[in-house]
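Just so we're on the same page: letters track the sequence lines, and every chain starts at 1.
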There are 2 protein chains.
Amino acid sequence: MTSGKQRGRLSREVLVRRALAVADREGLDAVTIRRVAGDCGVTPMALYWYFRDKEQLLAGIAEYLFEQVQMPSTDNAPWDAQLMAVLSALLTVLRQHSSVAGLIAGYVLSSEAGLRVTERVLGLLRDGGFPPGQAAVTCTQLVAIIALITGPPGPDRTLEPQACESAVRARLAGLSALDPARFPSVIAAAAPLARRDDDQRYYRSVLQMLVGGAHAMAAQLAERGCGTQRQLGVPEG
Amino acid sequence: MTSGKQRGRLSREVLVRRALAVADREGLDAVTIRRVAGDCGVTPMALYWYFRDKEQLLAGIAEYLFEQVQMPSTDNAPWDAQLMAVLSALLTVLRQHSSVAGLIAGYVLSSEAGLRVTERVLGLLRDGGFPPGQAAVTCTQLVAIIALITGPPGPDRTLEPQACESAVRARLAGLSALDPARFPSVIAAAAPLARRDDDQRYYRSVLQMLVGGAHAMAAQLAERGCGTQRQLGVPEG
DNA sequence: ACCTGAACACCGTTCAAGT
DNA sequence: ACCTGAACACCGTTCAAGT
């Protein structure tokens, strides 16, 4: 694709950004040692100077994404509002690179930049009254969920808006044709289900549910032992 | 691996189950047309009689998983308790096949069994007071989150418990060696962060956060417009 | 209807060699 | 230090053919 022949052009960061560009345009599966090398006008084997193997290249992408997160500075807003802001910052970066968003969950604890986010979230949960162990669990889950919910909607990640719109129409037709006796709620919600709007509403809604859930957990932890709060059990697996 | 030479042994379901077994033992990347064919003692091309391409094989796995979900029968428990039960049933199936859990998010609306779960969740959210559009969004998010949070923890999905335990120790050592001035919360939470316990607590906690969040949203929707409830905003992306 | 066989265009990676 | 080149063991998939 885009090439160039100057020497000394290559570096870890250049390769990571090239790989990210490929992923953004054509999906994660298109990120290939040979493809990235070709885009850089270089032999596949050249990449092995900078990365031990392909997994290290992917780890490089994940780390790069964490570095792009612009965390808001600490203020004296309530802990849940601050948590919302931090998760929003993460979400903002991942939305722009949704095909690789799923990668970062595995590198939260192994990259410097990922640890910065973790440190911040842990601190906010502690402010909310979470005991350390519970905070760790919840923090892991929050970051993973943000990462994954932003990720690829499925195997039909066609990037052309044209094809996307016709896929929506096809799916809408499929849902509308269902048996109304068996799937009344699905049919009633067919339009918003099929559309999968990538808009503000979708993301605002996840964040509210997550932070709302964390808030509810904090309240429950505060009055621990009191039997007035209904306990929701999960059956043994 | 295991082979057998009888005729007529092959079918969509047999192949799907063979593929799932491979995924469970060696991860999703090991699921390969050639590998599944080999396990069935058959030529790779034989699979193309039952599946148009590899994606259809994966879709078959996803559908099979939805069929395994044993949804609790409707009773007159509160909507959020019932929602917890449905999500638990989904979680129970996916926990046993964590390497493929990430697949199902893309097939919720395209498989009969997936639609059954969707129908149920939509109905419960409506009982909780969600308007149709919001219910659709939240339903999609809930199922996707359950699927993805159960999924592969990252690239280090070593399945041998021996290697897993030593990986935990290594990560623990790494976290403990961090600068205490910069990462005090991470260091304090090092043990639960590194361990990544797959136990009851982890999953109970996600479900509580999610259902607690849905509950909070429902309450907010009920008193819509009233300014007493603090509104958490998400910045523009 | 159900499966085989050869072939094609791809992968990641090793090993040895060039500059 | 940084990159090339040939080779190996894998992929998914097409096309034609067998029974």
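Between the CZ atom of A/Phe183 and the CZ atom of B/Arg120 there is a distance of 12.5 Å, given to the nearest 0.5 Å.
When the C1' atom of C/dC2 is taken as reference, atom CG of B/Leu10 falls 9 Å away, rounded to whole Å. Atom CG of A/Asp53 and atom C1' of D/dA9 are 17 Å apart (whole Å). When the P atom of D/dA1 is taken as reference, atom CZ of A/Arg12 falls 17 Å away, rounded to whole Å. As rounded to whole Å, 13 Å separates atom P of C/dG12 from atom CZ of A/Phe51. Put simply, CG on A/Asp29 is 16 Å from P on C/dC10, counting in whole angstrom units. Summarising the geometry, the separation between CZ on B/Arg9 and C1' on C/dC3 is reported as 12 Å, rounded to the nearest angstrom. When rounded to the nearest whole Å, the span between CD1 of A/Ile33 and C1' of D/dC11 equals 16 Å. The separation between B/Leu47 atom CG and D/dT14 atom P is 14 Å, rounded to whole Å.
Side-chain contact annotation: B/Gln96 with B/Thr92, donor-acceptor N/O pair under 3.5 Å absent.
In this structure, of D/dA6, D/dT13, C/dG12, it is D/dT13 that holds the atom nearest to the side chain of B/Tyr48. Listed nucleotides D/dC3, D/dA7, D/dG12 differ in distance to A/Arg34; the shortest reach to its side chain belongs to D/dA7. The side chain of A/Met45 has C/dT13 as its nearest neighbour among C/dT13, D/dT13, C/dC3. Here D/dT13 is the nucleotide among C/dG12, D/dT4, D/dT13 with the atom lying nearest to any side-chain atom of B/Lys54. Closest approach to the A/Thr43 side chain among D/dT13, C/dT13, D/dG5 is made by D/dG5 (side chain taken as heavy atoms from C-beta onward). Residue A/Tyr50 has its side chain nearest to D/dC2 when only C/dA6, D/dC2, C/dA7 are considered.
Under the Watson-Crick or G-U wobble criterion, with both distances below 3.5 Å, D/dT19 is paired with C/dA1. With both pairing distances under 3.5 Å, D/dA7 is matched to C/dT13 as a Watson-Crick or G-U wobble pair.
In this structure a side-chain-to-backbone donor-acceptor pair under 3.5 Å is missing from B/Gln70 to B/Val93.
The only option from A/Ile33, A/Val36, A/Val16 that meets the side-chain contact (heavy atoms from CB on, under 4.5 Å) definition with A/Phe51 turns out to be A/Val16.
Taking 4.5 Å as the limit, every side-chain heavy atom of B/Tyr50 sits out of range of all side-chain heavy atoms of B/Leu57.
Comparing the P positions of C/dA16 and D/dC2 gives a spacing of 22 Å, expressed to the nearest Å. Only the C1' atoms considered, D/dA17 is 15 Å distant from C/dA1, to the nearest whole Å.
Residue order along DNA chain D, read from the 5' end via each residue's closest nucleotide, puts A/Trp49 first among B/Thr32 and A/Trp49.
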